[in-house]
Protein chains: 2
Amino acid sequence: MARATISDVAAAAGVSQATVSRALRGSANVSPATRAKVEQAAEALNFTLSKSASTLASGRTMRVLLLVSGPLNTWFNASVLQGVYDVLAPEGYDTIPAFVTNREQLDRFFRDLPRDRNADAIIITSFEFDTALHDQLSALGMPVVGLNSPSTAGFDASIGIDNAAAITSGVQLLRSLGHRRIAFVHDYIPHDMVYGTSTRVAAFRTAAAQAGYGDDDIVMIGADHHDTTPAMLDATAAGIVARLLSCEQHPTGIMGETDEFTAAVYKKLRRQHLAAPRDFSIMGFDDAPVSRTLDLTTLHQNPVALGNAAARKVLALLRGEAPERTHELVPATLVLRETTGRAPNGR
Amino acid sequence: MARATISDVAAAAGVSQATVSRALRGSANVSPATRAKVEQAAEALNFTLSKSASTLASGRTMRVLLLVSGPLNTWFNASVLQGVYDVLAPEGYDTIPAFVTNREQLDRFFRDLPRDRNADAIIITSFEFDTALHDQLSALGMPVVGLNSPSTAGFDASIGIDNAAAITSGVQLLRSLGHRRIAFVHDYIPHDMVYGTSTRVAAFRTAAAQAGYGDDDIVMIGADHHDTTPAMLDATAAGIVARLLSCEQHPTGIMGETDEFTAAVYKKLRRQHLAAPRDFSIMGFDDAPVSRTLDLTTLHQNPVALGNAAARKVLALLRGEAPERTHELVPATLVLRETTGRAPNGR
DNA sequence: TTGTAGGCGTTATCAA
DNA sequence: TTGATAACGCCTACAA
């Protein structure tokens, strides 16, 4: 038997198609009796509304795009997806993941997007837009919400963690523990794209200065390219540790841009038979699973919650309401674990 | 300006709507000249086909469902999603993730699914179907492909790793290293659902027997409930280690059902100042990131590749072709790292 | 290779 | 509260 259509249900229930549509969507202005009749008929015919037909007729696609930077199978991105999904699914929206890993893909994505009215809104994670992108963005005609983007420019709403405040608390911790010289180790920073985490580098500089560290007391060491494989990350970490330890007076307090990156550095340090917090203190950022595994002190953020919040803002925007808070900044809090402690004597 | 429709393009290009449709979909039987004209007109009008309208008219949704067990933000599930996405996206298909964590949700998912013709195919990851589900499944009328499912029953095609062979190689390793007594530690096994990884438990029993281990030489220790949070996993691991070490002659060779679970156990063991491979050997399963972090010997599988393969089978099925291999079993190979070695003396 | 025209299954507007 | 009916934007025989 062919699938039932709305008119089959209408016939079975003895009402019009319009009434079936109203009843099944839980719309107001349907008498309880009628609604019950319709629901029964639909049930009997094993009928549900076709999403495609609804979409076409209403102009609403019931889909929201989630654009993340980098692969989907990272802790952060997957968690954001989970968070977005959790609030969107009950509302009947599909979450459609998409990702870009470099500028070229990003441009292509936006070039194709406006021509493609196949989503009602878009959530953009972890990177910023320059003017060019900004223009295309506004041409989209759909709500755009940012998640952990370096700035709020171009977004109808946004949610993100307060990187600067978090980094400051981390620096303060190291200072409290007596570390005279501190370092920040970070991943490659591409010139053509601004990532959410990139702001942490600048934040460290600022925080360190404010905490009283002189220029000679802070060292910044970055990777010179993106590390896509574990083996490459490993090599990069080795290089960074080499530079770290060959400073004439090496820093004893180390902060990393992300837990993953920090973990790689930490492992290399241990391979030199240096131990934390005996010989140095090290802390990551994110509170990703790897930080638990290694008992790494870190700065906690909750990407699932961020995803939830972003999705809620999308929902509000879609309803034509203003989100409770348009641009929201949530704290990332210090999680003390085993890799930080009093600075070694004599340093 | 309102969005252009296909008839605007037709008018601009001086052809019929049908020709525009054919040209834009890359269909055959369109002269290069006409195609060029159409493409130009579409470009000028910033036009692309509406997915919803196409779907409605053609009956094809260009969407495939990916049903995973457990949250999306696990290494395995996120990687499968990535893998599926990678091959489906270029073909114009959206990947729509969905997940269920228990039997009730699973039932609900399938109860709603047939009434909801909003996907062309479905990929089901990591669990099996009993007869009841099987029936609903075939009523779906769309291709169903399995990924790491315990059996191939009910699937039009499937891909998975050979758990039994992998477990066997692990057991052989422990035997070669001289471990007289071996243990298998595993997560909770619910009674109402069969997971892909559950088969590893039985596989261990079989492999151990075949390798010559007597009943007294193998110990199986499982969790008695699912551990959803890190803290709970931690507690469970503590209980397991307690049982492990309180055996009158405790096993020195340990295999775990998954890397994550194994890592939790390993950490607890270390907290007792036991070291691998000095005091015991331990190996995980999956080659998840945590196994690298801890230098854990493990059995490698590649969920991204599994996702790729599953998606390719979907594509073939959707084209009405038979996949190159309908039911495929790929090996999971032993990765030697630092946590396995010769059994301690005198054991 | 291209055009014609009916239909895909809803939603939304307007009356009743 | 309910019913007619005209969109919604494209696909696909079928015909030319």
Return the value, rounded to whole Å, for the distance between atom CD1 of A:I6 and atom P of C:dG9.
11 Å
Using atom NZ of B:K51 as one end and atom P of C:dG9 as the other, report the distance to the nearest whole Å.
20 Å
Is A:R25 close enough to C:dT11 that one of its side-chain N or O atoms is under 4.0 Å from OP1 or OP2 there?
yes
Quick one: does A:T74's side chain get under 4.5 Å of A:F99's, heavy atoms only?
no
At less than 4.0 Å, is any side-chain N or O atom of B:R60 found next to OP1 or OP2 of C:dC8? Yes or no.
no
Please state whether the phosphate of C:dG3, meaning OP1 or OP2, lies under 4.0 angstrom from any side-chain nitrogen or oxygen of B:S16.
yes
Just checking B:V20: base, sugar-phosphate only, or nothing, at a heavy-atom cut-off of under 4.0 Å?
nothing
Using OP1 and OP2 only, check whether a side-chain N or O of B:S50 sits under 4.0 Å from D:dC10.
no
Judged by nearest nucleotide, the residue sitting upstream toward the 5' end of DNA chain C, B:A53 or B:T34, is B:T34
For atom CZ of A:R35 and atom C1' of D:dT1, their distance in whole Å
11 Å
Check whether any side-chain nitrogen or oxygen of B:S31 sits under 4.0 Å from OP1 or OP2 of C:dT2, and answer yes or no.
yes
How many whole angstroms separate atom CG of B:L24 from atom P of C:dT2?
14 Å
Tell me whether the side-chain N/O atoms of A:T19 come closer than 4.0 Å to OP1 or OP2 in D:dT2.
no
Distance in Å, B:L329 CG paired with B:N148 CG, rounded so as to fall on 0.5 Å steps
9.0 Å
From the set D:dC11, D:dC8, D:dA4, return the single nucleotide nearest to any side-chain atom of A:A57.
D:dC8
Measure from CG on A:N29 to P on D:dT1 and round the result to the nearest Å.
5 Å
In whole Å, what is the span from the CZ atom of A:R22 to the C1' atom of D:dT2?
6 Å
OG of B:S69 to CG of B:N102, rounded to nearest 0.5 Å, is 11.0 Å
Side-chain N,O (B:S7) to OP1/OP2 (D:dG9) below 4.0 Å:
no
Value in whole Å for how far the P atom of D:dG9 lies from CG of B:L45:
14 Å
Please pick, from C:dT4, C:dT11, D:dG9, the nucleotide with the shortest atom-to-atom distance to any side-chain atom of B:A18.
C:dT4
Value in whole Å for how far the P atom of C:dT4 lies from CD of B:Q17
10 Å
Minimum heavy-atom distance between B:A12 and B:L45, given as atom pair plus value
CB-CD1, 4.0 Å
When every non-hydrogen atom of A:D8 is compared with those of A:T5, the smallest separation belongs to OD2-N, 2.9 Å
